[in-house]
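Just so you know, these numbers come straight off a predicted model, no measurement behind them. Start at 1 and go down the list; that is how both ligands and their atoms are numbered.
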Amino acid sequence: MSEMKGKICILTGSNSGIGKETALSLAKMGAYVVMVVRNQERGEKALLEIVKQTGNNFIDLMICDLSSMDSIRSFAQEFKRKYDRLDVLVNNAGGMFNKREVTPEGFELTLAVNYLGPFLLTHELLDLLKSSAPSRIINVSSGLAKNGKVDLDDLQSEKNYEGTKAYARVRAPVYANTKLMLMMYTYELARRLKGSGVTANVLMPGFVATNLGKNSGSLSSSLMFKMVRPMQASAKKGAETSVYLASAGDVKDVTGKCFTKKKEAMTCPASYDEEQQKQLWKKTESMLGLTSE
Ligand SMILES: NC(=O)c1ccc[n+]([C@@H]2O[C@H](COP(=O)([O-])OP(=O)(O)OC[C@H]3O[C@@H](n4cnc5c(N)ncnc54)[C@H](OP(=O)(O)O)[C@@H]3O)[C@@H](O)[C@H]2O)c1
């Protein structure tokens, strides 16, 4: 019997791309998959496809807009009303935007979806993850994080917003910054969770053909993403490391690491700066109105 049978797994952004393929694979293994999406219609369409392909009927659909901290808090409350355990949390949803946009709660959109959202969602579900231990947190970052910088005095990119640009290759500085923050957050989180039975790892899925970048609002990047399609891996391939970290027995005790192609990988020197990780954590808590435990 698969070790994943009946394991309750939350997958954010699971109506498309890497998230959908991850949901499909985990559903095939018999996991109880909770697809967390922002759009009911797109979510239902993906859910029906997954049920049809896997024959697994234990798939739930829940709505959460990860750019909205209110939505995340309501989702977490509802999840805890419905479920009394959580075995795997995959923070997969992400976005890349050309123009600076600010959410109604006052957060720059890329920061909200790619970093603040996963931070808050994890925070809200941490008690359940701890009581369900052994359990796993998996954060989907990006190889572009190596180009990122964390300016603690300008996390909202108010002074300098450089969106998605594509010439010979994709340049997305704000996106890269948020993915670097997600990496640094994972390393700090893993340290804080030592001994709890909850692991936290981050991954880089590679260059994958999905909807990412398609709706960034930049014509040049949309065209560029179309041109590079043949060079991109399939979403199924891109999901392999997420599936591995969510399910493989050989990583059950591994924590605080980054993976790519199902192997541990070093990340850029900035990501390992513990002092900066701690400062980022503090600043994030204050932005989200949280206090240290
Ligand atoms: N593709 C690559 O080459 C690549 C490389 C490195 C890292 N990644 C990362 O991989 C992850 C998955 O992306 P993907 O490539 O599979 O792209 P994708 O097909 O665009 O999937 C992104 C998912 O995130 C969801 N999402 C976006 N904003 C959201 C919000 N505000 N609230 C809730 N869900 C939201 C999307 O929902 P909608 O369908 O409703 O928009 C979609 O389900 C992302 O974190 C991305 O940064 C991708």
Between [options], which one has a non-hydrogen atom sitting closest to [atom]?
atom: atom 35 (C) of ligand 1; options: M35, R38, K20, E21; answer: R38
atom: atom 26 (N) of ligand 1; options: A93, G43, G19; answer: A93
atom: atom 22 (C) of ligand 1; options: G94, S14, G238, A112; answer: G94

Is the Y185 ring parallel, tilted or perpendicular to the Y115 ring (thresholds 30°, 60°)? perpendicular

Look only at the side chain of N92 and the backbone of N139, and say whether a donor-acceptor pair between them is shorter than 3.5 Å. no

Could you tell me whether the side chain of T267 and the main chain of S271 form a donor-acceptor pair under 3.5 Å? no

I need the contact type for [X] against ligand 1. Using non-hydrogen atoms and a strict under-4.0 Å cut-off, is it side chain, backbone, both or neither?
X: N92; value: both
X: R42; value: side chain
X: A235; value: neither
X: S68; value: neither

Regarding ligand 1, does [X] bring an N or O atom to under 3.5 Å of one of the ligand's N or O atoms?
X: G143; value: no
X: V208; value: yes
X: G95; value: no
X: N15; value: yes
X: G13; value: yes
X: L66; value: yes
X: N39; value: no

Mind checking whether D65 has a heavy atom under 4.0 Å from ligand 1? yes

Taking a cutoff of less than 4.0 Å between a non-hydrogen atom of the residue and any ligand atom, is C64 in contact with ligand 1? yes

Side-chain donor-acceptor pair present, S68, D70, cut-off under 3.5 Å: no

Could you tell me whether the side chains of Y83 and D60 share a donor-acceptor contact shorter than 3.5 Å? yes

Hey, which atoms in ligand 1 end up nearer than 4.0 Å to a heavy atom of [X]?
X: T210; result: 1 (N), 14 (P), 15 (O), 16 (O), 17 (O), 19 (O)
X: F207; result: 3 (O)
X: G206; result: 2 (C), 3 (O), 4 (C), 5 (C), 6 (C)
X: G17; result: 16 (O), 19 (O)
X: V140; result: 9 (C), 10 (O), 11 (C), 45 (O)

Crowding at [atom1], [X] (>12 non-hydrogen neighbours, <6.0 Å):
X: K82; atom1: NZ; value: yes
X: K149; atom1: NZ; value: no
X: D84; atom1: CG; value: no
X: K159; atom1: NZ; value: yes

Is E285 paired with K282 through a side-chain N to carboxylate O contact shorter than 4.0 Å? no

Is there side-chain contact between V33 and L11, with at least one heavy-atom pair below 4.5 Å? yes

Residue among E105, K283, M69, H123 satisfying side chain to side chain contact (heavy atoms under 4.5 Å, CB included) with L288: M69

